[in-house]
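Structure, as structure tokens:
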Amino acid sequence: MIKKLLSFFAITLIALDSTAMEKLIVNTDSRESISLNGTWHTIVDPYETGFYTYRYKERGEDDREAYWNRPVAKDKLDRLEHGYRDPYTIRVPGDWNSQSDTLTYYEGTIWYQRDFDLRKLKRGERAFLYFGAVNYEAHVYVNGKKLGSHKGGFTPFNFEIPADLLKTKDNFLVVKVDNKRHPQEIPTVNTDWWNYGGITRDVKLLVMPDNFIQQYALQLDPAQDIHKAKEESRFLVSGSVDLNRAVGKGDVILAIPELGFERRFPVSGSRLEFEFELEDLGLWSPDSPKLYQVKLDFNGETLTDNIGFRKIETAGKKILLNGEQIFLRGISVHEEIPQQVRRAFSAEDAEQLLTWAKELNANMVRLAHYPHNEQMTRMADAMGILVWSEIPVYWTIDFGSDEVLDKAKTQLEEMIVRDRNRTSVIIWSVGNETPVSPLRTSFMKSLIDKARSLDDSRLISAALEVGYNGDVNRIDDPLGAYTDIVSVNEYLGWYGGLPDDCRTAKWEVAYDKPLFFSETGAGAKGGFYADEKTRWSEEFQEWFYKEQVAMFKRMPDNYSGLSPWILADFRSPRRNHPVYQQGWNRKGLIDDKGIKKKAFGVLKNYYREIESAQ
Ligand code: GCU
């Protein structure tokens, strides 16, 4: 009797807690999958009528007025007040704001619906729904049953579809998407970017064997002496494989065909850790972005990935890549295609943005202020562009709340797990411009510790805020004690003073660590030409960059790079000058039409100088 009661409680707990996140499945491009991208039906539901009764009580699962249930009129007398039909449709992936003028400013709930067919699953096979990202809160239903919910607009998640729920034809998939902002969320209510809503990245139906490789990591062992390894041309590689559930006995076969490497690793339980040596390895770097095809074989499923091998570290005041000092010639980027005023999501979008960065002679991008789509980091791997990836712990987060800290940690883990095999990613950032206070510093330190526990092979940082003036600027934010590099945002000459104040500015850092300027920049309306003393003109922005570059040339010896703000103009509801801004942050070096501004050339030349000096 007791046992029965306990198991009843256990099942109920699981059922009740449908927000419990399922472990992320990585490298979905390499799995058996059906794309669910395309045109979905929608219901725009600002009052959340599909979710709550008129008494604002959550609807019961079988409530036929719930928008997760297929609306079927019994007869012509029947009263039905919702439905999914043309022309109420939207494209997935994509934000909703750019797809209809009525949704440009919309923040609220939209219900997405489509049917899908799926062949009968073979014995032991399992089906999962995978979302690249949904901004912000998603509730996912199949055939009227809730699979789960997820918060966080820029990281992937997946839910298993119980086999007994599936039909071979016309499975009814519904996703409730709500992008409303709240003080207790990440990001919180105030940001300087557009709160694009929707199913913004790919959706896939994955078919998996009963037991499969859920996550894996493979990289040069961070503890090895890279100089010795290069001399002897023998490199230690280490990594791990996590299965979705434990096995008594099994084998994982890891192969790198190009190197003639293949090894069988016996596995028991759910985790395998391994290390092995490789000879004659071509190391990955921006100048030679060498990627190797890696194959992981387990239980009849073969995963293929393209992975490069490199070591990133700091040594005192220097950043070292593969043991050599490297200067980060960076640029900050938002996940947006300005010409189409929309969120970026595809390989073509990534290519456009990273090609612009290459044209700037940049060797690094700061993906701001949230994890960008996986196409971006995979493209950076291939194009040889170093990446700073960040979670949107931005400005005035509620640092006193454990619940908020948990949300930040979840997003951090999802970011790291998805991209831990992306060679180009060298820096994990735990936040941006968070106001200094003991509560904030301990909040951020917990995130730094979490990041290190998840991945000790990369640098951990955060964009710190610093006061700036034409005199001595001291960088001593207490958080700098815990990060690997000290990164600061400064806008001397835009938010404070004028560009020529840079001539007398001095910079002091309280830490013996590499110094990186994660932001600097000035606004200019593309095509507005005047004299340099006219704000918003291209000449003013050009002047700003000239003065900044001259100042950067006088930096202390730990100066290791910068990622100015920003590659291209981007949408922001905080920018409302009727002539010069019109809802755009105009600090781009490229305008909203994709045209380069004069300042683009100033930074490009500076980077060419640095590159040729190295
Ligand atoms: C801030 C912030 C950015 C913002 C920029 C600006 O430093 O990090 O998100 O867009 O400055 O003011 O333009």
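In listed order, ligands and their atoms are each counted from 1. Throughout, residue positions are numbered sequentially from 1 according to the sequence presented.
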Show the short N or O contacts, below 3.5 Å, that ligand 1 makes with protein N or O atoms; if there are none, say 'none'.
{"residue": "ligand 1", "atom": "7 (O)", "partner": "E433", "partner atom": "OE1", "Å": "3.2"}
{"residue": "ligand 1", "atom": "7 (O)", "partner": "E433", "partner atom": "OE2", "Å": "2.4"}
{"residue": "ligand 1", "atom": "7 (O)", "partner": "E519", "partner atom": "OE1", "Å": "2.7"}
{"residue": "ligand 1", "atom": "8 (O)", "partner": "N432", "partner atom": "ND2", "Å": "2.8"}
{"residue": "ligand 1", "atom": "8 (O)", "partner": "E519", "partner atom": "OE1", "Å": "3.2"}
{"residue": "ligand 1", "atom": "8 (O)", "partner": "E519", "partner atom": "OE2", "Å": "2.7"}
{"residue": "ligand 1", "atom": "9 (O)", "partner": "H369", "partner atom": "NE2", "Å": "2.7"}
{"residue": "ligand 1", "atom": "9 (O)", "partner": "Y394", "partner atom": "OH", "Å": "2.6"}
{"residue": "ligand 1", "atom": "10 (O)", "partner": "D192", "partner atom": "OD2", "Å": "2.5"}
{"residue": "ligand 1", "atom": "10 (O)", "partner": "W565", "partner atom": "NE1", "Å": "3.1"}
{"residue": "ligand 1", "atom": "11 (O)", "partner": "Y491", "partner atom": "OH", "Å": "3.3"}
{"residue": "ligand 1", "atom": "11 (O)", "partner": "E519", "partner atom": "OE1", "Å": "3.2"}
{"residue": "ligand 1", "atom": "12 (O)", "partner": "Y495", "partner atom": "OH", "Å": "2.5"}
{"residue": "ligand 1", "atom": "12 (O)", "partner": "R575", "partner atom": "NH2", "Å": "3.1"}
{"residue": "ligand 1", "atom": "13 (O)", "partner": "W565", "partner atom": "NE1", "Å": "3.4"}
{"residue": "ligand 1", "atom": "13 (O)", "partner": "N585", "partner atom": "ND2", "Å": "2.9"}
{"residue": "ligand 1", "atom": "13 (O)", "partner": "K587", "partner atom": "NZ", "Å": "2.7"}

What do you reckon, are the aromatic ring centroids of Y106 and W96 less than 6.0 Å apart? yes
Partner residues of E532 under the salt bridge (Lys or Arg N to Asp or Glu O under 4.0 Å) criterion, sequence neighbours left out: none
Would you please classify the geometry between the F154 ring and the Y370 ring as parallel, tilted or perpendicular, with 30° and 60° separating the classes? parallel
Do the rings of F552 and Y559 sit parallel, tilted or perpendicular, given the 30° and 60° boundaries? parallel
Under the ring-ring contact (aromatic ring centres under 6.0 Å, His included) test, which residues partner W284, sequence neighbours left out? none
Kindly write out the residues that satisfy ring-ring contact (aromatic ring centres under 6.0 Å, His included) with W543, not counting sequence neighbours, or none if the list is empty. F540
